[in-house]
K.L.:
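Once you've had a glance at the structure underneath, I'll fire off some questions.
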Amino acid sequence: QVQLVESGGGLVQPGESLRLSCAASGSIFRINSMGWYRQAPGKERELLAISITGGALHVPAESVKGRFTISRDSAKNTVYLEMNNLKPEDTAVYYCNADIFLYDGSPRSVHWGQGTQVTVSS
């Protein structure tokens, strides 16, 4: 059993900042990557950022480049998303996920959190 729990969402004004966190727990052999996604009203789920274990941090979404930063504390199985200069169009449910080996030699297993609401007022 693996659990991912996001926290840090809320209601903010344009230009303000939030820091989201997501902690993975349970029976985990290795986390291969952790990422952040969001889904805005009426839109598809969007990949925002991903942290490859032992490797690079990527923020591929053009809409958040220069404003959002992903970071990782591997010892705590936790990934963070620092969101600066928030805009109304950032309003969405933000989800984290993790690509995990549940045991030595297992196939990859992708797990999702329940999401945390971020609302930027306008």
Side-chain angles (χ1 to χ4, degrees):
Q1 183 74 268
V2 175
Q3 301 84 37
L4 298 176
V5 180
E6 303 97 336
S7 62
L11 174 64
V12 298
Q13 297 181 3
E16 295 297 321
S17 300
L18 283 174
R19 183 173 185 253
L20 307 182
S21 64
C22 174
S25 63
S27 182
I28 299 171
F29 178 74
R30 185 183 190 271
I31 296 178
N32 303 304
S33 67
M34 299 187 76
W36 284 100
Y37 298 73
R38 71 183 180 187
Q39 187 166 14
K43 295 187 177 181
E44 297 295 321
R45 183 181 62 192
E46 177 187 16
L47 171 64
L48 298 175
I50 188 167
S51 169
I52 305 298
T53 299
L57 306 174
H58 301 287
V59 184
E62 186 68 27
S63 59
V64 304
K65 285 182 179 178
R67 299 188 297 119
F68 289 15
T69 302
I70 189 171
S71 61
R72 179 99 166 273
D73 186 341
S74 295
K76 298 181 179 180
N77 289 340
T78 300
V79 65
Y80 305 92
L81 186 68
E82 297 179 1
M83 306 184 295
N84 299 311
N85 190 24
L86 284 161
K87 305 176 183 297
E89 53 263 41
D90 295 319
T91 296
V93 177
Y94 285 70
Y95 301 91
C96 71
N97 84 340
D99 184 317
I100 291 169
F101 291 148
L102 299 177
Y103 55 89
D104 192 4
S106 74
R108 287 174 169 171
S109 178
V110 177
H111 302 263
W112 292 88
Q114 294 298 308
T116 184
Q117 177 71 46
V118 172
T119 302
V120 184
S121 65
S122 61

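Start at 1 with the first residue, then count along the sequence.
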K.L.:
Under the 3.5 angstrom rule, does the side chain of T53 hit a backbone N or O of I31 as a donor-acceptor pair?
P.N.:
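Here the side-chain-to-backbone pair exists.
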K.L.:
Any cation-pi pair here, R38 with Y95, using under 6.0 Å and within 45°?
P.N.:
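Verdict for Y95: no cation-pi partner in R38.
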K.L.:
Does atom NZ of K65 have more than 12 heavy-atom neighbours, drawn from other residues, nucleotides or ligands, at distances under 6.0 Å?
P.N.:
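Enclosed: over 12 neighbouring heavy atoms sit under 6.0 Å from NZ of K65.
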K.L.:
Is T119 reaching over with its side chain to a backbone N or O of L11, donor-acceptor style, under 3.5 angstrom?
P.N.:
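Side chain of T119 to backbone of L11: no pair is present.
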K.L.:
Counting C-beta onward and ignoring hydrogens, is there a side-chain heavy-atom pair between Q3 and S25 closer than 4.5 Å?
P.N.:
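Of all side-chain heavy-atom pairs linking S25 with Q3, at least one is under 4.5 Å.
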K.L.:
Show the numbers, then the answer: is there a ring pair (Phe, Tyr, Trp, His ring centres under 6.0 Å) between F68 and W36?
P.N.:
CA-CA 11 Å; F68 289 15; W36 284 100; 9.9 Å; no
K.L.:
Any side-chain donor paired with an acceptor under 3.5 Å for T91 and E89?
P.N.:
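Short answer, no.
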K.L.:
So, do Y94 and L81 sit near enough that their side-chain heavy atoms are less than 4.5 Å apart?
P.N.:
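When only atoms from C-beta onward are counted, L81 and Y94 do touch, with a gap below 4.5 Å.
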K.L.:
Is any side-chain heavy atom of N97 less than 4.5 Å from a side-chain heavy atom of W112?
P.N.:
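Yes, their side chains come closer than 4.5 Å.
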K.L.:
Under 3.5 Å, is there a donor-acceptor pair between the Q13 and S121 side chains?
P.N.:
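The criterion, which ignores hydrogens and geometry beyond distance, is not satisfied for S121 and Q13.
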K.L.:
Are V118 and L18 close enough that some pair of their side-chain heavy atoms sits under 4.5 Å apart?
P.N.:
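Yes; the side chains approach each other to less than 4.5 Å.
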K.L.:
Would you say that I52 contacts N32 through its side chain, given a criterion of any heavy-atom pair below 4.5 Å between the two side chains?
P.N.:
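Not touching, per the 4.5 Å side-chain cut-off.
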K.L.:
For V2 and I28: C-alpha separation, side-chain torsions, deciding distance, then whether side chain to side chain contact (heavy atoms under 4.5 Å, CB included) applies.
P.N.:
CA-CA 7 Å; V2 175; I28 299 171; 4.0 Å; yes
K.L.:
Just so I know, are the side chains of R108 and L102 near enough to count as touching, which here means a heavy-atom distance under 4.5 Å?
P.N.:
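Result no, sub-4.5 Å side-chain heavy-atom pair not found.
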K.L.:
Are V5 and Q114 close enough that some pair of their side-chain heavy atoms sits under 4.5 Å apart?
P.N.:
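The answer is no; the side chains never approach within 4.5 Å.
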K.L.:
State plainly whether the residues R30 and D104 are in salt-bridge range, i.e. N to O under 4.0 Å.
P.N.:
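No, this pair does not count.
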K.L.:
Is it the case that S7 and S21 place a side-chain donor and acceptor less than 3.5 Å from each other?
P.N.:
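Yes, side-chain donor-acceptor contact under 3.5 Å.
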K.L.:
Within the 4.5 Å heavy-atom criterion, are S51 and H58 side-chain neighbours or not?
P.N.:
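The answer is no, as the side chains (C-beta and beyond) never meet within the 4.5 Å cut-off.
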K.L.:
Should we say atom CD of Q39 is surrounded by more than 12 heavy atoms from elsewhere, each under 6.0 Å from it?
P.N.:
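Result for CD/Q39: enclosed.
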K.L.:
Can you hop from V93 to V110 via hydrophobic side chains spaced under 4.5 Å?
P.N.:
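Same cluster: V93 reaches V110 through Ile, Leu, Val, Met, Phe, Trp or Tyr contacts under 4.5 Å.
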K.L.:
Ignoring hydrogens and angles, state whether a donor on the side chain of S17 or N84 is under 3.5 Å from an acceptor on the partner side chain.
P.N.:
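Present: a donor and an acceptor within the cut-off.
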